Amino acid sequence: MAEIENRIKRLKEEKDVLILAHYYVDEEVQKIADCVGDSYYLSEKAVGAKEKVILFCGVSFMGESAKILNPDKLVLMPDMEADCPMAHMGAVERIEKAKAEYEDLAVVCYINSTAELKRHCDVCVTSSNAMKIVNALPNKNILFVPDENLGRYIASKLPDKNFIFNDGYCYVHKEITKQDVLAAKDKWPQAEVLAHPECTMAVLEEADYIGSTSGIIARAGESSAQEFIICTETGVFYELRKNNPHKIFHPAKEQQVCEGMKKVTLEKVLKVLENMDQTIEMKEDIRKEAQRPLSRMLELAK
Ligand code: 13P
Ligand code: SF4
């Protein structure tokens, strides 16, 4: 083990820290984490944490969600600037307008959102539980914020509900085009296409499997296919290749990189463990209101 990894391990134990990492952060950061997973798995892990401190190797809405669910714990971020642009793509005015327009409305908020947006919503979802949760809601009308693509995908599977969409998107997934996928299929015709539901419907129509990052990883392991075209952020390649050393994985296009996630480095993990200074802070009234939809998600996803 390199010196930096040893120092991280020592400090982590000394200061009673649980390190959580999303599959999109760099491989070297995934290697030192206690738990690596998708957004839902990590929020569950944050709730069950026995440690006094959570260090979240991911983007700000992830650290914020961990703090919302664990007000008594210190939640640290290796880089306070690591952010998800989509988290800011929902407006409270949009929610208020829909509430005035539709009587039987549920406001469903993708976890990739700010605490400020969450507090105006009825329930949160992640890409791995959105279908189950929206289906379980008694409401006919669903305002889905902030991601339009995930909303449209869920809507396509639940025709009895009336969806109202917001125009937010993830640039990493939106920039994967149908043409990219068709060109990749031409190049590797025997490969299975695995896509994240943040991709556009045009891309999802070309996919053999659609699921969250954990879903994609599970499918690659279970499938009899030997070759795959992956339509999501390239951080997942570490887990895919580790679990399936004899299978071949291709990105659908050259650049499938989330800049926010890549801001998290081993050096920054070490520094924040030394200084314990980059903490998530939130006003208690905002935290309490944002906790309601997150806790409802954890309850309905069981
Ligand atoms: P999941 O972790 O639910 O797969 O979502 C991917 C993502 O974009 C996280 O930012
Ligand atoms: Fe946000 Fe997309 Fe990055 Fe996920 S991959 S954190 S949705 S920008």
Side-chain angles (χ1 to χ4, degrees), residues 20-26 29-30 33 35-46 56-66 77-90 108-114 117-118 123-134 144-154 166-176 194-200 203-204 207 209-220 230-240 251-253 255-264 294 297-298 301:
L20 302 177
H22 192 272
Y23 286 126
Y24 292 166
V25 298
D26 271 340
V29 178
Q30 293 188 43
C35 308
V36 184
D38 70 358
S39 307
Y40 177 54
Y41 174 82
L42 294 174
S43 53
E44 270 197 313
K45 283 284 163 194
F56 217 120
C57 299
V59 289
S60 43
F61 76 81
M62 297 181 168
E64 258 185 21
S65 299
M77 299 294 289
D79 187 325
M80 297 303 278
E81 308 279 293
D83 201 5
C84 166
M86 178 164 61
H88 305 272
M89 291 182 187
V108 177
C109 188
Y110 193 22
I111 197 167
N112 300 33
S113 51
T114 57
L117 195 69
K118 284 184 178 80
V123 64
C124 287
V125 297
T126 75
S127 64
S128 64
N129 60 33
M131 192 86 72
K132 182 177 178 183
I133 290 176
V134 178
F144 197 96
V145 296
D147 188 17
E148 179 173 359
N149 288 327
L150 178 62
R152 288 200 183 274
Y153 171 61
I154 302 299
N166 176 68
D167 58 2
Y169 60 89
C170 163
Y171 71 96
V172 181
H173 291 89
K174 195 176 178 179
E175 285 171 9
I176 303 171
L194 313 185
H196 195 281
E198 286 175 18
C199 293
T200 62
V203 165
L204 298 183
Y209 171 84
I210 299 163
S212 74
T213 44
S214 296
I216 287 174
I217 289 162
R219 167 66 175 223
I230 304 296
C231 306
T232 192
E233 217 275 354
T234 46
V236 299
F237 281 76
Y238 170 59
E239 187 77 15
L240 286 169
K253 73 190 252 287
Q255 282 289 313
Q256 295 175 187
V257 178
C258 173
E259 283 174 34
M261 293 283 188
K262 297 314 188 237
K263 284 201 159 97
V264 182
L294 271 175
M297 171 187 84
L298 294 174

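Because only heavy atoms are used, hydrogens play no part in the values below, and waters and symmetry mates are left out as well, while side chains stay in. Counting starts at 1 for both ligands and their atoms, in listed order. Model, not experiment: these values are computed from the prediction.
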Legend entry - Contact check, side chains of Ile111 and Ser65, non-hydrogen atoms, under 4.5 Å: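 Yes - at least one pair of side-chain heavy atoms lies under 4.5 Å apart.
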
Inset, instruction - Could you tell me if any non-hydrogen atom of Pro85 lies under 4.0 Å from any atom of ligand 2? - result: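 Distance cut 4.0 Å: Pro85 passes for ligand 2.
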
Inset, instruction - Could you list which atoms of ligand 2 come closer than 4.0 Å to a heavy atom of Cys258? - result: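 Those of ligand 2 that fall under 4.0 Å from Cys258 are 3 (Fe), 5 (S), 6 (S), 8 (S).
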
Inset, instruction - Report the C-alpha distance between Asp167 and Met89 in whole Å, list the side-chain angles of each, state the deciding distance to 0.1 Å, and finish with yes or no for side chain to side chain contact (heavy atoms under 4.5 Å, CB included). - result: CA-CA 8 Å; Asp167 58 2; Met89 291 182 187; 5.9 Å; no

Legend entry - Residue Met86 vicinity, atoms of ligand 2 by number, heavy atom under 4.0 Å: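 With Met86 as reference, the close atoms of ligand 2 come out as 7 (S).
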
Legend entry - Any Glu233 heavy atom less than 4.0 Å to ligand 2: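 The answer is no, since Glu233 has no heavy atom less than 4.0 Å from ligand 2.
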
Inset, instruction - Please report which non-hydrogen protein atom sits nearest to atom 1 (Fe) of ligand 2, along with the residue it belongs to and the distance in Å to one decimal place. - result: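 Going by distance alone, atom 1 (Fe) of ligand 2 is nearest to Cys84 SG, 2.3 Å.
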
Inset, instruction - Would you check if the side chain of Lys132 reaches a backbone N or O of Ala301 as a donor-acceptor pair within less than 3.5 Å? - result: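 Side chain of Lys132 to backbone of Ala301: a pair is present.
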
Legend entry - Note, Asn166 side chain near Glu148 side chain (heavy atom, < 4.5 Å):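 Answer no - side chains too far apart.
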
Inset, instruction - Can you measure from CD (Glu239) to OG (Ser214) and round to the nearest 0.5 angstrom? - result: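 Rounded to the nearest 0.5 Å, the CD-OG separation comes out at 8.5 Å.
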
Inset, instruction - Using atom types as modelled and distance alone, determine if a side-chain donor or acceptor of Glu233 lies under 3.5 Å from a backbone N or O of Cys258. - result: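 Such a contact is found between Glu233 side chain and Cys258 backbone.
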
Legend entry - Pairwise side-chain contact, Thr232 with Gln256, heavy-atom cut-off 4.5 Å (strictly under):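 The answer is no; the side chains never approach within 4.5 Å.
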
Inset, instruction - Check whether any side-chain heavy atom of Thr234 lies under 4.5 Å from a side-chain heavy atom of Val257, and answer yes or no. - result: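 Yes, their side chains come closer than 4.5 Å.
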
Legend entry - Test item: Pro251 and Phe237 side chains (from C-beta on) under 4.5 Å apart, heavy atoms: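 Yes, their side chains come closer than 4.5 Å.
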
Legend entry - Evaluation steps, side chain to side chain contact (heavy atoms under 4.5 Å, CB included), between Tyr24 and Val236: CA-CA 6 Å; Tyr24 292 166; Val236 299; 4.0 Å; yes

Inset, instruction - Within a distance under 4.0 Å of any heavy atom of Tyr171, pick out the atoms of ligand 2 and give their elements. - result: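 Every atom of ligand 2 under 4.0 Å from some heavy atom of Tyr171: 8 (S).
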
Legend entry - Numbered atoms and elements of ligand 2 in range of Cys170, under 4.0 angstrom, heavy atoms: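 Reading through ligand 2 atom by atom, the close ones are 2 (Fe), 5 (S), 7 (S), 8 (S).
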
Legend entry - Protein heavy atom at shortest distance from atom 5 (S) of ligand 2: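 Atom 5 (S) of ligand 2 sits closest to the protein heavy atom Tyr24 CE1, 3.6 Å.
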
Could you list each N/O atom of ligand 1 together with any protein N/O atom closer than 3.5 Å, one pair per line with the distance?
| from | atom 1 | to | atom 2 | distance (Å) |
| --- | --- | --- | --- | --- |
| ligand 1 | 2 (O) | His22 | NE2 | 2.7 |
| ligand 1 | 2 (O) | Ser39 | N | 2.8 |
| ligand 1 | 2 (O) | Ser39 | OG | 2.9 |
| ligand 1 | 3 (O) | Ser127 | OG | 2.6 |
| ligand 1 | 4 (O) | Ser127 | OG | 3.3 |
| ligand 1 | 4 (O) | His196 | NE2 | 2.9 |
| ligand 1 | 4 (O) | Thr213 | N | 2.9 |
| ligand 1 | 4 (O) | Thr213 | OG1 | 2.9 |
| ligand 1 | 5 (O) | His196 | NE2 | 3.3 |
| ligand 1 | 8 (O) | Glu198 | OE1 | 3.4 |
| ligand 1 | 8 (O) | Glu198 | OE2 | 3.0 |
| ligand 1 | 10 (O) | Asn112 | ND2 | 3.3 |

Inset, instruction - Would you mind listing which atoms of ligand 2 come within a distance below 4.0 Å of any non-hydrogen atom of Glu198? - result: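 Result: 2 (Fe), 7 (S).
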
